[in-house]
Amino acid sequence: SLTHAQVDGSLSVDTTSSAVTVVGDTVGQTATVYNRGTSGAVTVTDNTAGKGLTVNQTATPGATTVSGNTIAGSGIYYGLEVSTGGNAGTPAATVQNNTVTASNIAIFVHGSHLLPAQLTGNTASGNTMDVLGLGGHLSANLSLPVAGPPVVVLRNGDSSTGGLTVDAGVTLSLAAGQVLKFGSPYIYSYSGGGLQVDGSLVASGTAGSPVVFTSLKDDSAGGDTNGD
């Protein structure tokens, strides 16, 4: 564990231990936390990072909690990236009440299970893309729009082509006028991303207020989301 430390440069915690705890630290540059073990929780809370925060959990089973962090900047891509990998036995991450500013893509969460109720309270402002990017498998119902940063679908979720899969028994609902954009998290190419529906898709558009599925590069719907 690393608690209430000050690191002027970058911080990398890479472990195969039973649990990882990073709490209350101040990091001047990039903070990265990896658990490559076979079990164990990852808890990353109430930290401040100056150039992005990346949390990668591959333990099965292994809970992941990323909450109350303040990120002011990013490396190349993200202010906050949380990955729980493609193993179906790794639980959905809890990513709540984080604040991200001055980064490229504000928040990107991807993994084999995404639970919308565990992705709440996050704020994004002053980023190139003030968004909540999702990739991998949606494992509980999601109704758009949501409070907080708008949701976009990014590739490179649980595979190199990636996108979002709506799992069997799960419903993705979009209200009239909702815009859902798709793309790559890579700043030099916003192409890519897709939607596979194994459950249900409910798009409640009207003639005057349609639901729009489009690219991050499309500024005609929903404005200039990718800041180009």
Side-chain angles (χ1 to χ4, degrees), residues 1-13 20-35 41-57 63-84 91-111 114-136 142-154 156-157 180-181 183 185-187 216 222-227:
S1 65
L2 187 66
T3 304
H4 298 291
Q6 179 166 334
V7 180
D8 293 335
S10 296
L11 170 68
S12 180
V13 178
V20 183
T21 301
V22 179
V23 177
D25 301 317
T26 299
V27 182
Q29 299 292 318
T30 302
T32 57
V33 181
Y34 292 90
N35 184 10
V42 172
T43 302
V44 181
T45 60
D46 300 322
N47 302 284
T48 299
K51 288 290 184 181
L53 171 61
T54 298
V55 179
N56 193 316
Q57 164 72 288
T64 306
T65 301
V66 182
S67 65
N69 300 286
T70 300
I71 300 102
S74 65
I76 299 175
Y77 301 121
Y78 321 105
L80 173 61
E81 180 188 13
V82 180
S83 171
T84 53
T94 296
V95 183
Q96 294 179 319
N97 303 318
N98 300 284
T99 300
V100 184
T101 61
S103 73
N104 181 37
I105 298 172
I107 304 168
F108 183 25
V109 182
H110 51 101
L114 299 172
L115 298 178
Q118 295 177 196
L119 305 175
T120 60
N122 301 294
T123 60
S125 62
N127 305 281
T128 303
M129 295 173 58
D130 290 326
V131 299
L132 169 59
L134 299 180
L142 173 61
S143 296
L144 299 177
V146 296
V151 170
V152 300
V153 175
L154 298 179
N156 197 33
L180 182 59
K181 294 190 176 184
Y186 301 111
I187 60 176
L216 279 172
D224 183 10
T225 308
N226 67 343

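With M129 as the fixed residue, the side chain to side chain contact (heavy atoms under 4.5 Å, CB included) test singles out one of I107, D224, N226: N226.
In this structure, L11 and V33 have side chains that are not in contact, with every pair of non-hydrogen atoms separated by 4.5 Å or more. Side-chain contact check for V66 versus N98: some heavy-atom pair is nearer than 4.5 Å. Contact of the V55 side chain with the T64 side chain is registered, since non-hydrogen atoms from C-beta on lie closer than 4.5 Å. Between V27 and T48 the shortest side-chain heavy-atom distance does not fall below 4.5 Å. Residues L180 and V153 meet the side-chain proximity criterion, which asks for heavy atoms closer than 4.5 Å. Looking at P149 and D130, their side chains never come closer than 4.5 Å, going by heavy atoms from C-beta outward. Contact of the L134 side chain with the L132 side chain is registered, since non-hydrogen atoms from C-beta on lie closer than 4.5 Å.
Remark: the T99 side chain and the T70 side chain contain no N/O donor-acceptor pair separated by less than 3.5 Å.
Put simply, CD on Q96 and OG1 on T120 are 3.5 Å apart, with the number rounded to the nearest 0.5 Å. Taking OG1 from T128 and CD1 from I105, the interatomic distance works out to 8.5 Å, rounded to the nearest 0.5 Å. In this structure, CG on L154 lies 4.5 Å from CZ on F108, to the nearest 0.5 angstrom.
With sequence neighbours left out, the side chain to side chain contact (heavy atoms under 4.5 Å, CB included) criterion links S10 to Q29, T30. Residues satisfying the side chain to side chain contact (heavy atoms under 4.5 Å, CB included) criterion with N97, sequence neighbours excluded, are absent altogether. Under the side-chain hydrogen bond (donor to acceptor under 3.5 Å, both in side chains) criterion, N35 pairs with Q57, sequence neighbours left out. Every residue meeting the side chain to side chain contact (heavy atoms under 4.5 Å, CB included) condition with P150, not counting sequence neighbours, appears here in chain and number order: V131. Partners of S67 under the side chain to side chain contact (heavy atoms under 4.5 Å, CB included) rule, at least two apart in sequence or in another chain, are T45, T65. With sequence neighbours left out, S125 forms a side-chain hydrogen bond (donor to acceptor under 3.5 Å, both in side chains) with no residue at all.
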V109 and L114: CA distance, side-chain angles, deciding distance, side-chain contact (heavy atoms from CB on, under 4.5 Å) verdict:
CA-CA 8 Å; V109 182; L114 299 172; 3.9 Å; yes
Do L216 and V152 pass the side-chain contact (heavy atoms from CB on, under 4.5 Å) test, and can you show the C-alpha distance, the side-chain angles, and the key distance before you say yes or no?
CA-CA 8 Å; L216 279 172; V152 300; 4.0 Å; yes
Evaluation steps, side-chain contact (heavy atoms from CB on, under 4.5 Å), between L80 and N69
CA-CA 9 Å; L80 173 61; N69 300 286; 5.8 Å; no
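A distance-only check finds no donor-acceptor pair linking the side chain of D25 to the backbone of Q6 [under 3.5 Å]. E81 contributes no side-chain N or O that, together with a main-chain N or O of A106, makes up a donor-acceptor pair within less than 3.5 Å. N122 places a side-chain N or O within 3.5 Å of a backbone atom of V95 that can act as its donor or acceptor partner. A donor-acceptor contact shorter than 3.5 Å links the side chain of N47 to the backbone of G24. Under a 3.5 Å cut-off, the side chain of N127 and the backbone N or O of A102 do form a donor-acceptor pair.
A pairwise comparison of heavy atoms in S103 and Y78 identifies CB-C, 4.3 Å as the closest pair. Pairing each heavy atom of G79 with each of I71, the nearest pair is O-CG2, 3.3 Å.
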